[in-house]
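Remarks on the structure that follows.
Reminder, nothing fancy here: chain letters follow the sequence lines and each chain counts from 1. This is a predicted model, so every value here is computed, not measured.
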Amino acid sequence: MYVVLSRSGRDVRAQSVDDGGRVIGEPQVIPATRLPEWVDAQEAQRSSTLRWTWSDTRDWYPSLLGAGLRVRRAHDLRLSHRILVGAQSRPSRGASAAPAQEGPPLRSDASWTAPEPVGGPPPPADAATLFDDAALLAVTTEPDVGVPWPATADGSVPFDPVEALQAQLRVIDALPGAAGLRLLVAAESAGALAAAEMRAAGLPWRADIHAALLEAVLGPRPSMGARPVELERLAGVLRHHLDDRALNPDSPTEVLRALRRAGLSVSSTSKWELQRVEHPVIEPLLEYKRRARLYAANGWVWLDTWVRDGRFRPEYVVGGVVSGRWAGSGGGALQLPKQIRSAVVADPGWRLVVADAAQLEPRVLAALSRDHRMADAGRGRDLYDGIVATGAVEDRSQAKSAMLGAMYGATQGRGGQLVPRLARAFPLAIAYVERAARAGERGESVTSLLGRASPQPSAAEIEAERAAFAADAVPGAERAARARARSRGRFTRNFVVQATAAEWALAWMAGVRTRLRERFPGPLEHSPHLAYFLHDELVVHAPAASADAVADIVRESAAEAGRILFGTFPITFPLSVAVVDDYSAAKDAPPSAGRGITDTTAASGPSTSIARR
DNA sequence: AATTAAGGCGCG
DNA sequence: AAAGCGCGCCTTAATT
């Protein structure tokens, strides 16, 4: 049952709609000021079936959270729209593909859909080869406007969310993979709830600890525009070594020029290149860069801007990455340097439960491709160790390089060398990503397990590629076109894994938040709550007495996420779970603990354990 | 003066 | 172009 909310002056209209999209009864009108208590009452009466449906969780949920409520489930029309437009515009292909049944067109409004609206006829059903002109997609017009959709996020233009919901439900029913899409839309909406909750609660942050760390590394806070003394000192060392009194170490151009003048054969000033050069200037230069980065990205200005009342409240952008991963906005939420994680400290009497899914993406690939041998390799232990045990490669580091190489499309270097050995040991898994790569090279879209579609190449790119293979093409164009196609292939190759891993993570997070709410009801801030999320890692801020129960919840939810996505396929998703006072203490279990997947637990120190199904 | 691109580095 | 995916955001350099 959906309860669709919309604003009408100072009132809120609530219309019930059943799972088939049929309107149930008359709309109720609730004064906006009394919405929280009304929502609360509805949740209490029928929360297990009810799905709050609104244009945008970011517009509706914060005020409910502010009133001390948490809702169980939601349907975010904006996020669902985006997913469905992507799924709908994907041409079905292949001789055996079901006839296109795309349902009613959804309006693609640029202000609401992050991916560019795309559309196009299916390519020829026969197996088209790479760079065959026939394989390139022609691009047609956007789908017609079918569903009224607000042009602005505040819903100020006429917009009927009931109609929008009905259209979405019809589209889902009409698309192949409806069950997956239904799940995906629910998971994405749950993510939106979690993101709002995490922003509301914030990540506990000790500004004093952060500031002390800055002083230790940079010296006292400098006045505006001045360079911290430690950076100035290092700059002096660099100037001395490079014999350049005026060198600005922040200018890559100047530094590169000075390095070459000093006789170093480098083509850039990037860390990876400098690391392999022997010269007395390298060490202080890398040290300067490390500290300058801390100063610029997470220095005092960052602290002033982003930490208030002991909390860091970043904005999470749900589905902000094409793969469905979250992005962040403001404060570099998803790039918190490990260097400063010691400032993330639980409140007195509270703990951080830090959980990390071990080798999530390779495990997702094993399950996606139904590769039992790879799944076996990871059962109950570190997957890379398991790969070594099969004899495919010599050591863990090789296993990791090979795995990443396979998922990213490495052709050279260590990864490129090792992928063939992986392919012999795990042919199903490797074939899966290879197929995705070939599809991308042909200009096709690929999908995640639940049906999130990768964006298709733009009309301009396809046309440029076509032109590059014409008889009168400019010299070199063909090579460039092949490079672009390969680049697309690496993207689609990675997309199938990254996007499905993002779905696992959404399911995991959804399970955690639902269980936390059930087990520990009441306002967020007074009970265990999600505090941070980072692709394959979750942090729950919890009263110390509840930390062990929370750790169990996190593990149960991981196992459940595996079942939701992959059913009975025998894949495990081990977690390292640490109950700690500060975030930095959670990083990597001690070596004796077997890389973080043993069963030791202790209330006060770092501890790890494995999730089993 | 105000944007945009490039170089670089943090995270997964 | 790191050998190979996805991001955000900082400073400097280039362009309008």
Side-chain angles (χ1 to χ4, degrees), chain A residues 114 225 227 231 247-257 266-276 285-286 288-299 301-302 305-306 314-341 356-362 364-365 400-419 433 436-437 440 446 448 452 454-455 480 483 486-502 504-505 532-538 583 587:
Chain A
R227 197 178 260 137
L231 287 184
L247 178 74
N248 173 10
D250 292 323
S251 164
T253 317
E254 285 185 36
V255 172
L256 182 60
R257 189 163 2 110
V266 288
S267 62
S268 78
T269 65
S270 64
K271 194 166 67 177
W272 71 267
E273 192 172 355
L274 295 179
Q275 270 165 353
R276 57 196 63 194
L285 177 53
L286 292 177
Y288 179 90
K289 282 163 159 282
R290 208 175 71 88
R291 298 191 196 195
R293 162 87 192 182
L294 176 67
Y295 174 56
N298 298 96
V301 174
W302 182 90
T305 309
W306 295 106
E315 187 184 337
Y316 296 96
V317 183
V318 176
V321 180
V322 284
S323 65
R325 272 188 174 185
W326 289 12
S329 167
L334 276 55
Q335 312 148 244
L336 280 189
K338 296 186 172 172
Q339 216 180 345
I340 58 168
R341 289 187 185 180
D356 186 307
Q359 306 98 37
L360 176 59
E361 293 196 350
V364 162
L365 174 57
K400 188 172 180 178
S401 290
M403 219 35 257
L404 293 176
M407 293 189 300
Y408 292 163
T411 56
Q412 294 172 43
R414 219 159 109 91
Q417 299 278 310
L418 292 165
V419 169
V433 287
V446 296
S448 67
R452 197 187 299 265
S454 71
R486 277 196 303 271
S487 170
R488 279 203 308 270
R490 288 192 300 274
F491 168 64
T492 51
R493 168 196 293 271
N494 185 250
F495 181 94
V496 294
V497 178
Q498 188 182 114
T500 305
W504 182 91
Y532 192 58
F533 171 64
L534 192 54
H535 309 312
D536 59 1
E537 192 171 335
L538 266 180
Y583 197 179
K587 284 295 103 183

Candidate pair A/Gln359 and A/Met403, rule side chain to side chain contact (heavy atoms under 4.5 Å, CB included), full reasoning
CA-CA 10 Å; A/Gln359 306 98 37; A/Met403 219 35 257; over 6 Å; no

Reading DNA chain C from 5' onward, which residue's closest nucleotide shows up sooner: A/Phe491 or A/Trp272?
A/Trp272

Closer than 4.0 Å, any side-chain N/O of [X] to the OP1 or OP2 of [N]?
| X | N | result |
| --- | --- | --- |
| A/Asn494 | C/dG4 | no |
| A/Thr269 | B/dG8 | yes |
| A/Ser251 | C/dA13 | yes |
| A/Thr411 | C/dG4 | yes |

To the nearest Å, how far apart are [X] [atom1] and [N] [atom2]?
| X | N | atom1 | atom2 | answer |
| --- | --- | --- | --- | --- |
| A/Glu361 | C/dG4 | CD | P | 18 Å |
| A/Leu231 | C/dC10 | CG | P | 16 Å |
| A/Leu404 | C/dG6 | CG | P | 14 Å |
| A/Phe533 | C/dC7 | CZ | C1' | 13 Å |
| A/Lys271 | B/dG10 | NZ | C1' | 8 Å |
| A/Lys289 | B/dG10 | NZ | C1' | 13 Å |
| A/Leu534 | C/dG8 | CG | P | 13 Å |
| A/Leu294 | C/dT11 | CG | P | 13 Å |

As a quick check of understanding, evaluate side chain to side chain contact (heavy atoms under 4.5 Å, CB included) for A/Gln498 and A/Val321, giving each step before the final call.
CA-CA 10 Å; A/Gln498 188 182 114; A/Val321 180; 3.9 Å; yes

Hey, does [X] reach any base, or is it just sugar-phosphate, or nothing, if we go heavy atoms under 4.0 Å?
| X | answer |
| --- | --- |
| A/Gly415 | nothing |
| A/Ser323 | nothing |
| A/Arg341 | sugar-phosphate |
| A/Asn298 | nothing |
| A/Gly409 | sugar-phosphate |
| A/Gly320 | nothing |

Distance check, rounded to the nearest 0.5 Å: A/Asp250 atom CG versus A/Leu231 atom CG?
8.0 Å

Out of [options], which nucleotide sits closest to the side chain of [X]?
| X | options | result |
| --- | --- | --- |
| A/Asp250 | B/dG12, B/dC9, C/dT11 | C/dT11 |
| A/Lys338 | C/dC5, B/dC11, B/dC9 | B/dC11 |
| A/Ser268 | B/dG8, C/dG6, C/dC10 | B/dG8 |
| A/Pro337 | C/dC7, C/dC5, B/dG10 | B/dG10 |
| A/Arg293 | C/dC5, C/dC9, C/dC7 | C/dC9 |
| A/Glu537 | C/dT12, B/dG12, C/dG4 | B/dG12 |
| A/Ala327 | C/dC7, C/dT12, B/dC11 | C/dC7 |
| A/Pro252 | C/dT12, B/dC9, C/dG6 | C/dT12 |
| A/Gln498 | C/dT12, C/dA3, C/dC5 | C/dC5 |
| A/Ala296 | C/dG6, C/dA13, C/dT11 | C/dT11 |

Integer angstrom distance from the C1' of C/dA3 to that of B/dT3:
34 Å

When the P atoms of B/dA5 and C/dG4 are considered, how many whole Å apart are they?
25 Å

Side-chain donor/acceptor of [X] to backbone N/O of [Y], under 3.5 Å:
| X | Y | result |
| --- | --- | --- |
| A/Arg490 | A/Gly440 | no |
| A/Trp302 | A/Ala296 | no |
| A/Glu315 | A/Gly330 | no |
| A/Ser487 | A/Ala483 | no |

Kindly check if the number of other-residue, nucleotide or ligand heavy atoms within 6.0 Å of NZ (A/Lys289) is above 12?
yes

Taking any strand in view, what nucleotide pairs with C/dG4 in a Watson-Crick or G-U wobble way, both distances under 3.5 Å?
none

Could you check whether the side chain of [X] and the base of [N] have a donor-acceptor pair of N or O atoms closer than 3.5 Å, going by distance alone?
| X | N | answer |
| --- | --- | --- |
| A/Arg325 | B/dG12 | yes |
| A/Gln335 | C/dG8 | yes |
| A/Arg490 | C/dC5 | no |

